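Just so it is clear, the structure is predicted and the values come from calculations on it, not from any experiment.
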Amino acid sequence: MVASIISGMVSDPRFADAIKAKIGSAVDTNDLEKQLEALQVQLRQTLGTKSRLERQMDGLDISDPYYDRKISDLQRRYDEQYGAIDEIESVL
């Protein structure tokens with residue numbers, strides 16, 4: 001009885017098309033590869049931004065009257081980069 005049901009399903013062209021579609025989508029990794037590449041680019045950009053912020057913090061003049069404000073702003077942006085890095089790496 002089970003063999004008869006399976007036989008009937010297999011002979012239905014809609015079933016064959018549905019199986020082909022599922023197999024094709026399971027094998028096609030182009031979209032995943034593009035997403036991975038985009039995430040890797042985003043990670044490199046975020047790491048670059050973090051490095052630039054580090055250089056800006058290191059280059060601040062401590063005698064600048066706005067030093068505390070500037071360092072605070074740069075530190076906040078620097079911390080945000082760590083959050084972005086963690087988020088990207090959790091997906092990778």
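For the atom pair Thr49 OG1 and Gln56 CD, the distance stands at 10.0 Å (nearest 0.5 Å). From Lys34, atom NZ reaches atom CG of Leu36 across 13.0 Å, with rounding to the nearest 0.5 Å.
Shown here are the side chain to side chain contact (heavy atoms under 4.5 Å, CB included) partners of Arg55, two or more places apart in sequence or in another chain: Ser51, Arg52. Shown here are the side-chain hydrogen bond (donor to acceptor under 3.5 Å, both in side chains) partners of Asp61, two or more places apart in sequence or in another chain: Ser63. Scored by the salt bridge (charged side-chain N to carboxylate O under 4.0 Å, His left out) test, Arg76 finds Asp73, Glu80 as partners (sequence neighbours excluded). When the side chain to side chain contact (heavy atoms under 4.5 Å, CB included) test is applied to Leu60, the partners found at least two apart in sequence or on another chain are Tyr67, Lys70, Ile71, Leu74. Residues passing the ring-ring contact (aromatic ring centres under 6.0 Å, His included) test with Tyr66, sequence neighbours excluded: none.
Put simply, the side chain of Ser72 never gets that close to the backbone of Asp68: no donor and acceptor are under 3.5 Å apart.
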Would you list the atom pairs, donor with acceptor, under 3.5 Å between side chains in residues 81-92 and any protein atom, with sequence neighbours excluded?
residue : atom : partner : partner atom : Å
Tyr82   : OH   : Tyr78   : OH           : 3.3
Ser90   : OG   : Glu87   : O            : 2.7

